[in-house]
Number of protein chains: 2
Amino acid sequence: MTLINTLFRYSHFRLTANRVSSIAINNLKAQHKSYSIDLKKDQVKMASEKLLPQIFKFVDQNVDSYKKLLKEAVAIPSVSCDVTYRDDCIRMVHWMQDKLKEVGATSELRDVGFQTIDGKEVKLPPVLVGVLGNDSKKNTICIYGHLDVQPALKSDGWETEPFELQERNGKLYGRGSTDDKGPVLGWLHAINAYKGVGEELPVNLKFVFECMEESGSEGLDALLIEQLKPEGFFNTVDYVCISDNYWLGTTKPCITYGLRGISYYFLEVECAKMDLHSGVYGGTVHEAMSDLIYLMDQLVDKDGKILISGIYDSVAPLTENEKKLYTTIDFDPEAYRKSIGADKLAQNGVKEQLLMHRWRYPSLSLHGIEGAAFQPGAKTVIPGKVIGKFSIRLVPNQEPEEIEQLVFDYINKKWKERGSPNKMRITAQSGRAWTENPDHPHYQAAARATKLIYQTDPDMSREGGSIPVTITLQEASGKNVLLLPMGAGDDMAHSQNEKINVRNYIEGIKLFAAYLYEVGKLPK
Amino acid sequence: MTLINTLFRYSHFRLTANRVSSIAINNLKAQHKSYSIDLKKDQVKMASEKLLPQIFKFVDQNVDSYKKLLKEAVAIPSVSCDVTYRDDCIRMVHWMQDKLKEVGATSELRDVGFQTIDGKEVKLPPVLVGVLGNDSKKNTICIYGHLDVQPALKSDGWETEPFELQERNGKLYGRGSTDDKGPVLGWLHAINAYKGVGEELPVNLKFVFECMEESGSEGLDALLIEQLKPEGFFNTVDYVCISDNYWLGTTKPCITYGLRGISYYFLEVECAKMDLHSGVYGGTVHEAMSDLIYLMDQLVDKDGKILISGIYDSVAPLTENEKKLYTTIDFDPEAYRKSIGADKLAQNGVKEQLLMHRWRYPSLSLHGIEGAAFQPGAKTVIPGKVIGKFSIRLVPNQEPEEIEQLVFDYINKKWKERGSPNKMRITAQSGRAWTENPDHPHYQAAARATKLIYQTDPDMSREGGSIPVTITLQEASGKNVLLLPMGAGDDMAHSQNEKINVRNYIEGIKLFAAYLYEVGKLPK
């Protein structure tokens, strides 16, 4: 799941042309050797009745090999935001292609062109697009995952080397263990487990595995919308599943049916054509920083209430039904507070209010200032041009265009009140919120699978963050999209000492196998 | 002159122990071979009357060699803020030691210990301390200069390679040409010119040349105060001269008798023990950034008026006499405005008000925020801890302790009003303003020298910036300190395409020679 970089999609006009090959994905020859190809039809049916327990047993017998493979994947430092690791990213994609081949899938590496870094064009890692099974009687699931990771150095505060998977106290520590290499391998293992017990897969699978997710998924939108969709890749897809998020807490599983959108603002003020010495020029110029700080201080109050006029007007009204949903969710505000080391939470720390403000109300965060001093120490410059960064998480019924206009109008009004002679400019990039109906048969199938593994009904949860590919896949396929988390809420993705619990990894493999089984039973 | 890094000195208690050798500077044997040692006393006296015109002629005849030597000095990329150039800094100091030796000075490289960078100790370049002449009947001038430079890359926007001195349209372009290699070499050439015309130097000289000025002069304070002073280095010093600043404009010379001080603040707000995902946590925490932005917005209004209660109370009153001084100063607000590309200047662009707000009134600048997003792009983090940086330029009668207390009280009051549950902390580093009496005989001598070269009375100017070594040298020597600029106000020190005008360089050498002559005539 993306923490740092976010790709914004709410208009396809913003997609840039890419340079992918034009070889149609549906020309891929389905040459894979299905392991159950020789089984008679009735044998398959009979086997199915006892199938899942057999698969679970098989998974429990192969824990060591699953850990070994994750160790191998973690050892490739596929850091996408740092071009010095670009070869490792490419190696990672090739490694995964080999693994897909081993389970019998056909695949193709799709060129998605270049990214521009410091004025130079740098080749993007290819996107791995695969197909396993083309039985027209079976449902087809499109699975998305990512193979790249956030940067990590032991010196950042890791207890052990981040790219050496290490087991301590039932946890597997390593960069990418939970985000997203563990879940991606989970799909492989689940497929393999069917093979291991000599059974046919209950569904057809299509794969989209990228290696730029942590860096804005550059090139992916264009590939999905402008290439794969016209080529017919999504024609046979019935459901989309993404495992790239986490449980809300640490004990209770959940299935995620909503994400907030984002409207990101670049608020620029310029007072001079270069940075100025604060001794020499201080007192003689209208400083851009004080104008910017003034504008940024008009946006949100100390309790997080957004001060932009009309911003809450279009928020979907809270129904009694929805209100009830929050009361049953397993969420401990005190544990949450402690986990981040805050003295006091917002919303007076009330559970339902906290959940609603994470999921169904907009929030505004001030992220920082580009062009100003940011280094340790006592830099004494008057920045000539500064760009304040803030964003609003969008929620259902808030249209990006509408919100951008409200923000622009508000900032322009405040700027007029300020009466500064400096130059001000504001621009935005936005992507809308995403929700699905959790009562959809796809969600029910996933819920049955989850209950089978964890003996409890999963929470139907939303998340405050944004995974833009969710909307793109929804648009490209026109089908129901579901987020099926493998890891726990304390996995510290993006942070030091990222881990996945052995339990979440192993039960997660079973969960994926059960999910494939349950979706396989849905009417075609 | 320091733009970026400033070393703060107002209490010696803040000086850290250094590791310099304990060899006393006054043990240096004055073994230099003075070029005029064989001249008879009366010969010297007679020569003096026609001395300066001879010297000026000699200088005019040697322009090419002066350019050549500056080219050599500029070619050593002695960038002090980047340790990868540390060897070049050391090489630069050795190069200069050779040059001092060539003009007959004895010198010593003084070890000033280590600096800590990313937890590692890195050796500082030595400070070059020299002596030329020890005639007890002559005045002794202590000359300070620096050999290090700001970073520069052609790709920053230089028209030519920054470390290759290039002449275009009467200007010598290159990093360090004006800050401060040109002026430092100016002293060498002036000494050499006396030698060239077969004359004895009219003064004794002592030199302090460092190579860390652009990086806070690390180690220098301790060397001056704890080593050189106790060793008696300053016992014979009568005057201190620094050439490390610039004319106010581009045509009229000036002598500088005042600098503002600085009080630099680190304003820290913490809401969480780590950075948080703005999607996942936005709406549930009291964000540190909004608290910090609120506090920073309370400090100064759009016209630069400082809002801190009582901050103007101790500012030295403006006398009628001082007021008159500003009217005669050569300063063109419109040229100043255009040079920085501002739409409108503060103080309604009125010349006298602009000068007073640069020199004799405090100014407050907001520099930036450490810990927040600063990169290009759309980072979506909620910073856990942020440190706002701002500084107030101090002016005569403002005591750093008093100003710090006013700021602390004001911030604490505003913080209480805010009512945030987050943690707030403010710390400061300060150095007081410096002024000398421009009517002092030392200044009159320098003014006579300047008039001789430029046929105009120099402006007696102050500067808004801070050169902390000025105060340290004033304290260490107990003598009158004077700033004698060589370069013009448009030299773009620290910026792209730094240059020194050939005229300023060559006439500056004559100016230095004349200054030595005039100080030599002052009563002992």
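So you know, we letter chains A, B, ... as the sequences are listed, proteins then strands, and number each from 1. Quick caveat: nothing in here was measured; it's all calculated off a predicted structure.
Residues A:R393 and B:T380 approach most closely at NH2-CB, 3.6 Å, considering heavy atoms. In terms of heavy-atom proximity, B:L366 sits nearest to A:I293 at CD1-CG1, 3.9 Å. When every heavy atom of A:S290 is checked against every heavy atom of B:V300, the shortest pair comes out as CB-CG1, 3.9 Å. Heavy-atom minimum distance, B:Q298 versus A:D297: NE2-OD2, 4.3 Å.
Rounded to the nearest 0.5 angstrom, A:D343 CG and B:C271 SG are separated by 10.0 Å.
A donor-acceptor pair under 3.5 Å is absent between the side-chain atoms of B:H367 and the main chain of A:A373, judged by distance alone. Listed for the A:R358 side chain is no donor-acceptor partner under 3.5 Å among the backbone atoms of B:G282. In this structure, the side chain of A:K389 engages the main chain of B:Q375 through a donor-acceptor pair within 3.5 Å. Side chain of A:Y264 to main chain of B:K379: a donor-acceptor pair is present (N/O by atom type, distance under 3.5 Å, no hydrogens or angles).
Contacts between B:K338 and chain A at a heavy-atom distance below 4.5 Å involve the backbone alone (N, CA, C, O). With a threshold of 4.5 angstrom between heavy atoms, B:R418 approaches chain A through its backbone and through its side chain. For A:L364, the part lying near chain B is the backbone, with the side chain staying farther off; criterion is any non-hydrogen pair under 4.5 Å. Using a 4.5 Å cut-off between heavy atoms, B:I387 does not touch chain A at all. Proximity to chain A involves both the backbone and the side chain of B:P376, based on heavy atoms less than 4.5 angstrom apart. Only the side chain of B:S391 comes within less than 4.5 Å of a heavy atom in chain A; its backbone stays farther off. With a 4.5 angstrom heavy-atom cutoff, B:Q496 does not touch chain A via any of its atoms. Using a 4.5 Å cut-off between heavy atoms, A:D303 touches chain B through backbone and side chain atoms alike.
Residues A:Q347 and B:T284 bring no donor and acceptor atom of their side chains to less than 3.5 Å of each other.
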| request: Given side-chain contact (heavy atoms from CB on, under 4.5 Å), test A:M289 with B:S365 step by step and report yes or no. | output: CA-CA 8 Å; A:M289 268 294 275; B:S365 296; over 6 Å; no

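When each of B:Y281, B:Y361, B:Y265 is checked for heavy-atom pairs under 4.5 Å with chain A, B:Y281 comes out on top.
Checked for salt-bridge contact, A:D291 and B:K302 miss the test: no charged N lies under 4.0 Å from a carboxylate O.
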